[in-house]
Amino acid sequence: MKIFNKIIGNNGNKPLQAKNKVSLPIETPFRIFGLIFLLLLIASVSMIIITVRDSLVDKKVSQLLDEFYQNGLKYGLAIDDIIIEGREKTTKEDLLNAIGLSRENNILDTDLKEIKQKIEQLPWVEKADIKRTYFPNILQVKLYEKEVLALWQNDGKFYPLDMNGKIIDAEYVAHKPILVITGENAPEHIIKLLKITSQNPELNNRIVAAVLFSQRRWNLIFDSFENGITVKLPQDDMQQAWKKFVKINNQYDVLNRKLTIIDLRYKNKVSVALSNTVDEK
């Protein structure tokens with residue numbers, strides 16, 4: 001007992017002197033890092049387990065669906081027919097290739113969204129609506145095809161343009177009179193021009209060709225490629241020049257006179273020519 005008292009202090013009541021204390025190193029940061037590592041390890045293992053489990057579940061579900069669709073073909077769920085509405089310019093072959101279905105496919109196992117996207121990638125298709133009906137099992141496809149705004153003549157070839165001035169990457173044969181435009185990058189400027197001229201539909205419909213010079217200004221040819229009247233518009237204030245032309249034609253019926261050129265490029269005057277002259281750009 002005396003020995004024990006000597007170890008813990010005199011009479012067992014006095015605290016140990018500072019020189020007799022032993023302090024352990026502080027390990028709190030290491031414990032925090034260790035805890036974080038352990039949590040990350042647990043989270044990683046959990047994610048792996050969940051992923052493997054979900055993959056197995058998905059695989060099993062996929063197998064069951066395949067069996068269901070295959071059995072469904074035996075019990076009246078095969079596609080009976082595909083009905084197309086609104087097809088004029090799109091070829092039947094291109095459309096069927098985009099749809100990619102036959103009577104060997106299950107009407108339920110058809111991804112309408114995917115088919116719609118494929119059809120709308122065809123050059124003449126602006127939009128497509130698709131729906132299915134049952135007994136009989138019919139896939140109904142309604143097409144909204146692009147309208148041709150004009151033909152762009154470039155390097156001896158003609159390219160159809162849609163209503164936004166975009167080139168349609170397809171062959172086209174015009175079955176009615178249509179505006180022909182020429183000039184570098186003319187498709188990029190045609191919408192701006194037609195927004196102005198279409199304010200007067202009667203005159204706008206008489207424009208057979210439009211020539212863009214240096215991507216700056218237009219010459220409009222009315223009524224005939226060979227014998228029509230050319231109206232030269234300015235680079236600036238094109239709308240004001242067009243309004244001036246409309247007013248002059250209403251007053252003097254200039255498009256029905258024996259003229260070849262009406263020059264509106266100058267703000268304070270209008271020049272006309274009675275015979276063909278060298279075209280100034």
Side-chain angles (χ1 to χ4, degrees), residues 79 81-102 105 110-133 138-213 215-225 228 233 238-239 242:
I79 295 177
D81 210 348
I82 299 175
I83 297 177
I84 310 296
E85 182 183 349
R87 183 182 69 85
E88 293 183 5
K89 306 180 189 73
T90 304
T91 66
K92 183 178 179 181
E93 181 181 1
D94 287 345
L95 188 56
L96 291 178
N97 286 337
I99 294 174
L101 297 175
S102 67
N105 292 101
T110 52
D111 189 335
L112 300 189
K113 184 177 180 180
E114 182 181 356
I115 295 173
K116 173 183 170 70
Q117 290 175 345
K118 288 182 178 180
I119 292 176
E120 290 180 344
Q121 290 176 0
L122 296 175
W124 282 112
V125 178
E126 182 74 32
K127 179 186 173 185
D129 289 334
I130 306 175
K131 65 179 181 178
R132 53 190 157 199
T133 58
I138 296 175
L139 192 68
Q140 296 179 329
V141 180
K142 186 173 182 179
L143 299 181
Y144 298 88
E145 293 187 323
K146 297 174 182 176
E147 295 183 32
V148 178
L149 175 68
L151 292 178
W152 179 39
Q153 184 180 11
N154 187 47
D155 292 334
K157 297 182 179 180
F158 290 89
Y159 302 91
L161 305 179
D162 65 17
M163 301 306 290
N164 296 313
K166 303 296 183 182
I167 295 175
I168 301 172
D169 187 18
E171 295 292 330
Y172 176 72
V173 178
H175 298 288
K176 61 181 181 179
I178 190 168
L179 174 66
V180 176
I181 66 174
T182 60
E184 184 181 357
N185 295 328
E188 298 177 12
H189 300 271
I190 187 61
I191 299 299
K192 181 179 178 181
L193 172 67
L194 293 182
K195 280 183 178 179
I196 294 173
T197 61
S198 61
Q199 295 173 6
N200 306 93
E202 233 179 82
L203 291 178
N204 183 68
N205 292 337
R206 294 176 66 175
I207 302 173
V208 296
V211 183
L212 181 65
F213 289 105
Q215 303 184 54
R216 295 182 295 108
R217 63 167 209 84
W218 292 92
N219 279 3
L220 308 180
I221 302 174
F222 286 79
D223 297 333
S224 170
F225 290 101
L233 296 177
M238 186 166 57
Q239 184 160 349
W242 175 257

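This chain uses plain numbering: 1 for the first residue, then up along the sequence.
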side-chain contact (heavy atoms from CB on, under 4.5 Å) against Ile130, all qualifying residues, sequence neighbours excluded: Leu112, Ile115, Lys116, Ile119, Leu139, Val141
Look at atom CD of Glu147 and say whether more than 12 heavy atoms of other residues, nucleotides or ligands are closer to it than 6.0 Å. no
Leu220 side chain reached by Leu193 side chain, heavy atoms, under 4.5 Å: yes
Test salt bridge (charged side-chain N to carboxylate O under 4.0 Å, His left out) applied to Asp223 - qualifying residues, sequence neighbours left out: Arg206
Taking everything shown except Asp169 itself, do over 12 heavy atoms lie less than 6.0 Å from its CG? no
So do the side chains of Ile79 and Thr110 get within less than 4.5 Å of each other, counting heavy atoms only? yes
What closest approach, in Å, do Leu143 and Ala128 show between heavy atoms, and which atom pair accounts for it? CD2-CB, 4.1 Å
Side-chain donor-acceptor pairs of residues 149-165 under 3.5 Å, sequence neighbours excluded:
unit_1: Trp152; atom_1: NE1; unit_2: Gly183; atom_2: O; d: 3.1
unit_1: Asp162; atom_1: OD1; unit_2: Asn164; atom_2: N; d: 2.9
unit_1: Asp162; atom_1: OD1; unit_2: Gly165; atom_2: N; d: 3.1
unit_1: Asp162; atom_1: OD1; unit_2: Lys166; atom_2: N; d: 2.8

Checking Lys118 now: which residues fulfil salt bridge (charged side-chain N to carboxylate O under 4.0 Å, His left out) with it, not counting sequence neighbours? Glu114
Return a table of donor-acceptor pairs under 3.5 angstrom between the side chains of residues 184-191 and protein atoms on other chains or two or more places apart.
unit_1: Asn185; atom_1: ND2; unit_2: Gln215; atom_2: OE1; d: 3.1

Looking only at non-hydrogen atoms, find the nearest pair between Val180 and Phe225 and report the distance. CG2-CZ, 4.0 Å
One should read off an interatomic distance between Ile221 CD1 and Ile181 CD1, to the nearest 0.5 angstrom, of 12.5 Å
All heavy atoms of Met238 vs all of Trp218, minimum pair found to be SD-CD1, 3.9 Å
Quick one: does any side-chain atom of Lys142 pair with a main-chain N or O of Gly86 as donor and acceptor, under 3.5 Å? no
Short question: side chain of Asn205, backbone of Pro201 - any donor-acceptor pair under 3.5 Å? yes
Would you give the length of the straight line joining atom CH2 of Trp124 to atom CD of Glu88, rounded to the nearest 0.5 angstrom? 10.5 Å
Scan the side chains in residues 90-101 for donor-acceptor partners under 3.5 Å anywhere in the protein, sequence neighbours excluded, and list what turns up.
unit_1: Thr90; atom_1: OG1; unit_2: Glu145; atom_2: OE2; d: 2.7
unit_1: Thr91; atom_1: OG1; unit_2: Asp94; atom_2: N; d: 3.1
unit_1: Thr91; atom_1: OG1; unit_2: Asp94; atom_2: OD2; d: 3.0
unit_1: Asn97; atom_1: ND2; unit_2: Glu93; atom_2: O; d: 3.2

Verify side-chain contact (heavy atoms from CB on, under 4.5 Å) between Ile84 and Ile82, making sure each step is shown before the conclusion. CA-CA 7 Å; Ile84 310 296; Ile82 299 175; 3.8 Å; yes
Apply side-chain contact (heavy atoms from CB on, under 4.5 Å) to Trp242 and Asn200, showing your working. CA-CA 10 Å; Trp242 175 257; Asn200 306 93; 2.8 Å; yes
Between Asn219 and Phe213, the two heavy atoms sitting closest are ND2-CE1, 3.1 Å
